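So the structure is just underneath, and the comments pick up after that.
FYI, side chains are in, hydrogens and waters are out, and symmetry mates aren't considered; it's all heavy atoms of this structure. Chain identifiers are assigned alphabetically (A, B, ...) following the order of the sequence lines, protein sequences preceding nucleic acid strands; residue numbering begins at 1 within each chain. Being a predicted model, the structure only gives us computed values, none of them experimental.
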Amino acid sequence: MGDLIKDKDSLLGKEVSLCGWVDRVRDHGKLRFIMLRDRTGQIQLVVKQGETPEEAVKASNEARDEAVICVKGTLRKAPTKEGVEVAVREMSVLNRPVEPLPLLPRDSLSAILDTRLKFRWLDVRNPKVTKVFLLQAWVAQKFREYFSSKGFVEIFTPKIVGAGTEGGAEVFPVIYFGKPAFLAQSPQFYKQFSVIAGLERVFEVGPVFRAEPHHTTRHLTEYHSMDIEVGFIQSYYDVISFVEGFVKHLAEAMRKEELPQRVLQEYNVEPLEIPGEVPKIPLRKAYEILDSEFKKHIPYGEDLDSEGEKLLGQYVKERFKSDLVFVTEYPWKVRPFYTMRKEDEPDWTYSFDGLLRGLEIVTGGQREHRYERLVENVKDKGMNPKNFEFYLNFFKHGAPPHGGAGLGLERITMQSLKLENIREARLLPRDPETLLP
RNA sequence: GCCGCGGUCGUCUAGCCCGGUCCAGGAUGGGGGCCUGUCGAGCCCUUGACCCGGGUUCAAAUCCCGGCCGCGGCGCCA
């Protein structure tokens, strides 16, 4: 329908054939207007007694909201928004609702989110909701495009794993042929594996699972992580450069390409603003900024809380005209064991987080690739190297210096469109309470 | 996991604080009718709800307790 309206001048007076959903019927008795919708747009159909064949008039009686219909007719000029309409000649109703609609797609955004998710198949028919997923697919495509162009190879790693990855986050247990197993909370070990295995530069887009009972607008128990890992880096700044390059690429494409522009316009939001040089602020400097600019105190050696992240996001937006900021050098105590510690200050690490419009969307850093140090780090975290033997073995036979990062797809979608709740950025969200549909 | 707030027609809500005027009001949707140029079409008729279980009271949508469900904040995280 979108194409049809685009080419309307050349198609005027021609016979067209269309299928879609009935978005709404304006019934005047002997004159009836039907708005037909498909994923590309809407067009008005006219059924007029005396003009439209009797059979088609009869069929149009059955064309209720959200019925699936196909029509043939003539495209002609009309005083509608699109400037055209279809004078119906044939109509067939392929399917119609068997019960009153619990949620009207055209009006679904006025329902509360819980109701929308319960009847998600109706909610997503709302063109504004559809666009979330058009944008999300586009973001993932840009990610693949960017890293492929930088010589990264796409990998596909196990999601059923024999050991929890990071020690901190909770994992979902599964029974694997009688053996205890888990759903992967991160591809971390396997992307490092891939670098060490000689692929050097890898990326993956895939689901990750977190068994943390968060009740917030920014957490899901299942989400999509866009991961990279790269070997032979000089420092973790090389990793930041890759991430920065990607986000810049994304922001530029957002301004240039037709699809994101259309989506952003519907949501009435500005494209991401990313300056030539994205600000990079060591965490210890961030403490000072928050103290002096906002009188917000973060205990030394602690991670930022969500308010701190929000304020820092505000600060860089005003000061550097940037929607993105990298916070660097996190304390060893808040980072996982595989993170490389600073050579001169072992309580701090070569790691970073990236905040997009005040929300953490990426975490990364340089990894410890030296076997003995890695074992020390495991012990330092109070864990038993025996439990990580399968992973530690990777490092025994020539592991290059390397680092990487993981970006949250749903969070990027959410922040790009300024959605209020991350659940809006998933077709079928999983949170501690929601398992169906 | 801890803390706070909330559950009224299919949907979105009014009523709850200050119990009786509520066999619960409105909008939208469903069903029916009128209407030949609408575009949130209009007009008329109709349908349909107090989350569950206890308690207090002459009387409970309204007050109390428990359960279930939802929302948000925190910790934590993408």
Closest to the A:Thr217 side chain: B:rG72, B:rC77, B:rU28? B:rG72
According to a strict under-4.0 Å criterion, is A:Thr216 in side-chain N/O contact with OP1 or OP2 of B:rC74? no
Regarding A:Arg116, tell me which of base, sugar-phosphate or nothing describes its non-hydrogen contacts under 4.0 Å with the strands shown. nothing
Within 45 degrees of the ring normal and closer than 6.0 Å to the centroid, is that where the cationic atom of A:Arg335 sits relative to A:Tyr330? yes
Are A:Phe33 and A:His28, when compared by the centres of their aromatic rings, separated by less than 6.0 Å? yes
Residue pair A:Leu103/A:Asp114 against RNA chain B: nearer the 5' end by closest nucleotide is A:Leu103
Have a look at A:Gln42 and say if it touches a base, only the backbone sugar-phosphate, or nothing, with a 4.0 Å heavy-atom cut-off. nothing
Would you call the rings of A:Phe147 and A:Phe246 parallel, tilted or perpendicular, where under 30° means parallel and over 60° means perpendicular? tilted
Note on RNA chain B: ranges paired as stems (three or more Watson-Crick/G-U pairs in a row, both atom distances under 3.5 Å) are B:1-7 with B:68-74, B:10-13 with B:25-28, B:29-34 with B:42-47, B:51-55 with B:63-67
Please give the distance between the C1' atoms of B:rU62 and B:rU56 as a whole number of Å. 13 Å
For nucleotides 34-46 of chain B, 5' to 3', base contacts (B), sugar-phosphate-only contacts (S) and non-contacts (-) with protein non-hydrogen atoms under 4.0 Å give -BBBBBSB-----
Among residues 135-151 of chain A, which ones have heavy-atom contacts with RNA chain B below 4.0 Å? none
A:Arg262 atom CZ: more than 12 heavy-atom contacts under 6.0 Å: yes
Let me spell it out: for each of A:Ser225 and A:Glu307, pick the nucleotide of RNA chain B with the closest heavy atom. Which residue's pick is nearer the 5' end? A:Glu307
Counting side-chain heavy atoms from C-beta on, which of B:rG75, B:rA78, B:rG29 comes nearest to A:Leu104? B:rG29
Looking only at B:rU28, B:rA78, B:rG75, the nucleotide nearest the A:Tyr223 side chain is B:rA78
Under 4.0 Å, counting only non-hydrogen atoms across every strand here, what does A:Ser108 touch: a base, just sugar-phosphate, or nothing? nothing
Check the phosphate of B:rC71 against A:Asn421, side-chain N and O only, distance under 4.0 Å to OP1 or OP2. Yes or no? no
Nearest whole Å is fine: how far is B:rU8 C1' from A:Ile112 CD1? 13 Å
Does atom CG (A:Asn384) have a neighbourhood of more than 12 heavy atoms from anything else shown, all under 6.0 Å? yes
Quote, to the nearest angstrom, the P distance that separates B:rC5 from B:rC64. 12 Å
Give me the distance, rounded to whole Å, that separates B:rA49 from B:rC2 when you measure between the C1' atoms they each carry. 34 Å
Crowded around A:Lys118 NZ? As in, over 12 foreign heavy atoms under 6.0 Å? no
Please determine whether side chain to side chain donor-acceptor pair (under 3.5 Å) holds for the pair A:Thr80 and A:Glu85, giving the CA-CA distance in whole Å, both sets of side-chain angles, and the decisive distance to 0.1 Å. CA-CA 7 Å; A:Thr80 57; A:Glu85 66 184 12; over 6 Å; no
Donor-acceptor contact below 3.5 Å, side chain A:Arg96 vs main chain A:Arg64: no
Separation of atom NE2 in A:His219 from atom P in B:rG72, rounded to whole Å: 13 Å
Using a heavy-atom cut-off of under 4.0 Å over every strand shown, decide if A:Arg423 touches base, sugar-phosphate, or nothing. sugar-phosphate
More than 12 heavy atoms from other groups under 6.0 Å of NZ on A:Lys72: no
Distance between the C1' atoms of B:rC76 and B:rG54, in whole angstroms? 39 Å
Using the P atoms only, state how far B:rU28 lies from B:rA78, rounded to an integer number of Å. 47 Å
Donor-acceptor under 3.5 Å (A:Tyr300 side chain, A:Arg284 main chain): no
Span that lies between the C1' atom of B:rC9 and that of B:rA24, in whole angstrom: 10 Å
Checking all strands, does A:Leu407 fall into the base, sugar-phosphate, or nothing category for heavy-atom contacts under 4.0 angstrom? nothing
Is it true that A:Tyr146 and A:Phe242 have ring centroids separated by less than 6.0 Å? no
Does atom CD of A:Glu51 have more than 12 heavy-atom neighbours, drawn from other residues, nucleotides or ligands, at distances under 6.0 Å? yes
Spacing between A:Asn126 atom CG and B:rU11 atom C1', to the nearest angstrom: 14 Å
What does A:Asp227 touch in the nucleic acid at a heavy-atom separation under 4.0 angstrom: a base, only the sugar-phosphate, or nothing? nothing
Whole angstrom is fine here: how far is it from CG in A:Asp65 over to P in B:rG30? 6 Å
Between B:rC12 atom C1' and A:Leu101 atom CG, what is the distance in whole Å? 16 Å
Rounding to the closest angstrom, what is the interatomic distance between B:rC3 and B:rC77 at atom P? 22 Å
Distance in angstrom units between A:Asp431 CG and B:rA78 C1', rounded: 16 Å
Does atom CD of A:Glu55 have more than 12 heavy-atom neighbours, drawn from other residues, nucleotides or ligands, at distances under 6.0 Å? no
Parallel, tilted or perpendicular for A:Phe388 and A:Phe337, by the 30°/60° rule? tilted
Write down the distance separating the C1' atoms in B:rC34 and B:rC23, rounded off to the nearest Å. 32 Å
What is the nucleic acid contact for A:Leu220, judged by heavy atoms within less than 4.0 Å: base, sugar-phosphate only, or nothing? base
With the side chain of A:Ala111 defined as its heavy atoms from C-beta on, choose the nearest nucleotide among B:rC12, B:rG29, B:rG72. B:rC12
Atom pair distance, as rounded to whole Å: CD in A:Gln185 and C1' in B:rC77: 11 Å
Distance check needed: B:rG29 P versus A:Asp123 CG, whole Å only. 18 Å
Might you point out which heavy atoms bring A:Ala286 and A:Leu312 nearest each other, and give the distance in Å? CB-CD2, 4.2 Å
Could you please name the option among B:rC76, B:rG73, B:rG30 that lies closest to any side-chain atom of A:His215? B:rG73
